[in-house]
Structure formats: C-alpha cells, structure tokens
Amino acid sequence: MGTVFVPTRFETGDQPRNGSPQGTQVTYRRRRFLTDEEPRRWLRSAIEATRADHPFKIDAWVLLPDHLHCIWTLPQGDSGYATRWALIKGRFTKKTKALLKREDWMTASKRKHREGAIWQRRYWEHVIRDELDFDNHMNYIHYNPVKHGLVARVSDWPFSSFHRYVDAGLYSKGWGGEAEGVEDLWVGE
C-alpha cells in the first residue's frame with residue numbers, strides 16, 4: 001500500500017487533546033439494523049439533540065450494521081463521555097421501540113435496569129494517549145468496513161467520516177483499498 005498519509009489534529013485545525021475518547025457501541029445480540037435508513041435517521045437525530053445540550057466534535061465515525069466506532073473531542077475540562085452516550089442511546093431507543101422492540105429478549109436484569117433490547121449494556125472505550133494513538137485509531141475506524149468484509153475498499157462504504165477527510169485532502173480516495181500494509185490495524189474492538 002505504500003506510505004499512508006493520515007490526518008492529525010494539527011492538520012485538521014484542532015489542537016491535539018490527549019484524552020479524547022474513542023469508543024465502540026454494539027447492538028444487542030449483534031442485531032444488524034444500524035445502516036438501515038430509518039435507524040440512521042433516528043441515530044443522527046439523537047446525536048444532534050445530544051450535541052445541542054452537551055457539545056462535542058466528531059473526529060471520526062463509522063457506522064456498520066451492528067456496531068459503530070467513533071472518536072470525539074469534548075470541550076476542555078469536560079469528561080462527560082458516558083453521559084453523552086446514555087443520552088444518545090436513550091433518545092435512539094425511544095424512537096426505535098415500535099420497530100425494533102423484542103419482548104422475548106427482555107430479561108429480568110434488563111427490566112431491573114430499565115434497558116431495552118436495542119444496545120448492549122456496556123461499551124468499549126479507549127482514551128487517546130497521543131497523536132500516534134489518534135492516527136492509529138483514525139485508520140482503524142475508517143478501515144473497519146473492509147475488515148468486516150462489507151466492502152473491498154474503504155471509499156466504497158458510505159457511512160464513514162473517511163469521505164470528509166478525502167474531501168479535505170487528508171486521505172487519498174484509494175487509501176485502504178487493499179489489505180496489504182494495514183494488517184497491523186488491530187486497535188479497537
């Protein structure tokens with residue numbers, strides 16, 4: 001694949017902030033619906049409503065049928081990552097209940113914790129340590145659809161911030177088009 005050019009926060013105009021969260025959210029029982037039109041619209045609405053109350057910048061994002069990965073930058077001194085995800089997941093779940101509700105999957109524990117059968121209870125979170133860690137997670141997130149066999153090239157997956165970085169000239173459109181040279185993108189999941 002040759003040299004990989006990856007965006008850093010200096011190149012995107014932001015000052016690097018060690019401590020930005022990178023996270024993975026997974027649907028309950030890996031149910032595949034996140035890339036369907038209505039759930040995408042509901043998720044976008046939940047994110048927009050949450051960002052209005054609790055601002056954050058989305059540095060990277062990829063949406064797959066049963067999970068998503070993202071990197072956010074929170075305002076200086078703000079560590080409310082979990083609060084934001086609770087709000088997003090709650091808002092999304094309220095909109096999707098009629099379509100995605102599965103009463104047969106509701107356990108006593110889910111009832112006790114007032115959960116639905118949309119999301120897994122927990123999520124994976126990693127705190128970005130430095131610019132190299134940021135770059136590695138950016139690459140991992142954008143390459144994820146290829147890793148999961150959904151497309152042959154990163155540019156073929158429509159639900160990704162990759163396209164924003166291509167438009168800005170920070171990734172080439174052909175980046176990640178072949179597995180050669182990216183097998184070491186093991187971060188995440």
Looking at [X] and [Y], what are the two nearest heavy atoms and their distance?
X      : Y      : value
Cys70  : Ile141 : C-CD1, 3.9 Å
Gln22  : Thr24  : NE2-OG1, 4.0 Å
Leu34  : Leu64  : CB-O, 3.3 Å
Asp133 : Val127 : OD2-O, 3.8 Å
Val62  : Pro145 : CG2-CG, 3.6 Å
Leu150 : Pro65  : CD1-CD, 3.7 Å

Measure from the ring center of [X] to the ring center of [Y] and say whether it is less than 6.0 Å.
X      : Y      : value
Trp85  : Trp72  : yes
His148 : His67  : yes
Phe162 : Trp157 : no

Treat each ILVMFWY residue as a node, draw an edge where side-chain heavy atoms are under 4.5 Å apart, and state whether Leu87 and Trp61 are in one component.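 Shared cluster, no.
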Is it possible for you to say whether Ile58 and Ile88 belong to one hydrophobic cluster, with membership spreading through side-chain heavy-atom contacts below 4.5 Å?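 Yes; Ile88 is reachable from Ile58 via cluster members.
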Other residues, nucleotides, ligands: >12 heavy atoms within 6.0 Å of Arg41 CZ: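 Check passes, neighbour count above 12.
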In Å, rounded to the nearest 0.5 Å, how long is the span from [atom1] of [X] to [atom2] of [Y]?
X      : Y      : atom1 : atom2 : value
Phe56  : Asp78  : CZ    : CG    : 11.0 Å
Asp59  : His137 : CG    : NE2   : 13.0 Å
Leu74  : Ser79  : CG    : OG    : 8.0 Å
Trp42  : Ile47  : CH2   : CD1   : 14.5 Å
Ser155 : Tyr171 : OG    : OH    : 13.0 Å

Could you work out, with salt bridge (charged side-chain N to carboxylate O under 4.0 Å, His left out) as the rule, every residue matching Asp36, not counting sequence neighbours?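 Asp36: no salt bridge (charged side-chain N to carboxylate O under 4.0 Å, His left out) contacts found.
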With side-chain contact (heavy atoms from CB on, under 4.5 Å) as the criterion, how do Asn136 and Tyr140 come out once you've worked through the C-alpha distance, each side chain's angles and the decisive distance to 0.1 Å? CA-CA 6 Å; Asn136 287 338; Tyr140 176 83; over 6 Å; no
Under the side chain to side chain contact (heavy atoms under 4.5 Å, CB included) test, which residues partner Arg40, sequence neighbours left out?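 Per chain and number, Arg40 pairs via side chain to side chain contact (heavy atoms under 4.5 Å, CB included) with Glu37, Leu63, Phe159.
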Partners passing side chain to side chain donor-acceptor pair (under 3.5 Å) against [X] (at least two apart in sequence or in another chain):
X      : result
His163 : none
Thr35  : none
Arg91  : Thr50, Asp53

Got a donor-acceptor contact below 3.5 angstrom from the Arg84 side chain to the Gly80 backbone?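 Checked: pair present.
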Determine whether the side chains of Thr27 and Asp66 contain a donor N or O and an acceptor N or O closer than 3.5 Å.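 Checked: Thr27/Asp66 side chains show no N/O donor-acceptor pair below 3.5 Å.
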Mind running salt bridge (Lys or Arg N to Asp or Glu O under 4.0 Å) on Glu48 and Arg51 for me, showing each step along the way? CA-CA 5 Å; Glu48 288 171 354; Arg51 286 176 82 183; over 6 Å; no
Between Tyr165 and Met138, is there a side-chain heavy-atom distance shorter than 4.5 Å?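 When only atoms from C-beta onward are counted, Tyr165 and Met138 do touch, with a gap below 4.5 Å.
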Mind jotting down which residue pairs meet the salt bridge (charged side-chain N to carboxylate O under 4.0 Å, His left out) criterion with at least one end in residues 154-170? Sequence neighbours excluded, please.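 Those involving residues 154-170 are Arg153-Asp156.
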